[in-house]
Amino acid sequence: MPERLVVKPTPPDLFIDHGESQEMRWEAMAERGYTVANERFFVRNLGRTPRIEASRWSLAIVGMGIERPYALGYDELRALPAVTVVRAIECAGNGRSFFELTQGRRVEGTQWKLGGIGVAAWTGVPLRTLLEGARLAPSARTVMAVGGDERQVRRPLPLGKALAEDTLVVHAMNGEPLPPDHGFPARLLVPGWVGIANIKWLVRLEVAQTELRSLWNTEQYVIDGRPLTEQNVKAALELPWPAVLRAGPGRVRGRAWSGRGAIASVEYRVDAEPWRAARLVGDNLPNAWVRFEFAWEATEGEHAIRVRATDTNGNAQPDAVPFNELGYMYDGVVPHPIRVAREENG
Ligand SMILES: Nc1nc2c(c(=O)[nH]1)N[C@H]1C(S)=C(S)[C@@H](COP(=O)(O)O)O[C@H]1N2
Ligand SMILES: [Mo]
């Protein structure tokens, strides 16, 4: 059997297997709670999940942008005042497969549908607290977060975002220690930003007075050479792709999200019918998601249901997404294929 790249079990009823990456199946979220359980959360690795021992781990805070470099261990990190926030992490490549489906242009890379996202309650120490403890120089500009995986995946973060109150060095996910696949002992949480900003297995924070570069803000996770930052607006149905439904009255459910705010509205369209408003249900946190639903009388045959969301800052989903070489940021409206079987008697 080939050696697995991910530690946790990823049963095929919960995940689509992309090798290094494991995509959450949207049908597995049907009628579940607001957050995604750790066992069900998507995994995106640029290599294999490293096994790091907490007792041998430390986080070094270094660089010309601070006056007092130091390192702290796992117990020291956990002893600091922590906050808990509910936020999404979403891969910049989420939706990539739809460039081929809607534009006929296949892009190399993980062929995500829309399951490269999850929402969890993250507990950790504000990055700001850790940087201030190192006496931030007035000239500090950038923080390079470095991972302890084989490739030492790293990405620089501008100081402004590093100091945001919900940018955290996270050590717990949904009330449990971070699972190995999600960055144990500690990871960065950068709410609203592309998944790659949320560096897992964090071992070093390098604070610089200049802008910094890494592979992951110059060659990868860029569009037209510009590093990707905020995620955009998307919506998905909690149905298999393609879906098979029974004829008759029913309810269709889904979730919508934005990296730039909370969701203001969701609309849906069945086949060529007019767009109609869906009902938003329950919590609707910024940089997380909201659940939505609508009633639908399913009739026998092949259908396509489209959903589109608008966030509280007026960002909406376009009908067509400008093509980009690496297939990032696909936020376009997609036709979800639905086959309705004949109504059964009794
Ligand atoms: N050190 C490190 N951090 C990383 C990665 C990685 O491969 N190595 N993958 C990034 C990418 S591309 C994404 S989308 C998120 C995924 O987080 P998750 O696996 O916890 O869902 O982690 C990011 N952080
Ligand atoms: Mo990603």
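Note that ligands are numbered from 1 as they come in the structure, with each ligand's atoms numbered from 1 the same way.
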Think Arg68 forms a cation-pi with Tyr70, using NZ or CZ under 6.0 Å from the six-ring centre and within 45 degrees of its axis? yes
Residues Thr49 and Val7: closest non-hydrogen pair is CG2-CG2, 3.7 Å
Near Glu297 CD, under 6.0 Å, is it more than 12 heavy atoms from other residues, nucleotides or ligands?
yes
Atom pairs and distances, side-chain donor-acceptor, residues 114-122, under 3.5 Å, sequence neighbours left out:
| unit_1 | atom_1 | unit_2 | atom_2 | d |
| --- | --- | --- | --- | --- |
| Trp122 | NE1 | Arg87 | O | 3.0 |
| Trp122 | NE1 | Ala120 | O | 3.3 |

key: Test item: Lys200 side-chain N/O and Asn45 main-chain N/O as donor-acceptor pair under 3.5 Å   = no
Looking only at the aromatic ring of each residue, does the gap between the centers of Trp296 and His303 stay below 6.0 angstrom? yes
Pocket residues around ligand 1 (non-hydrogen, under 4.0 Å) come out as Phe41, Phe42, Val43, Arg44, Asn45, Leu46, Cys91, Gly147, Asp149, Val153, Asp181, His182, Arg187, Gly195, Ile196, Asn198, Ile199, Lys200, Trp201, Tyr221
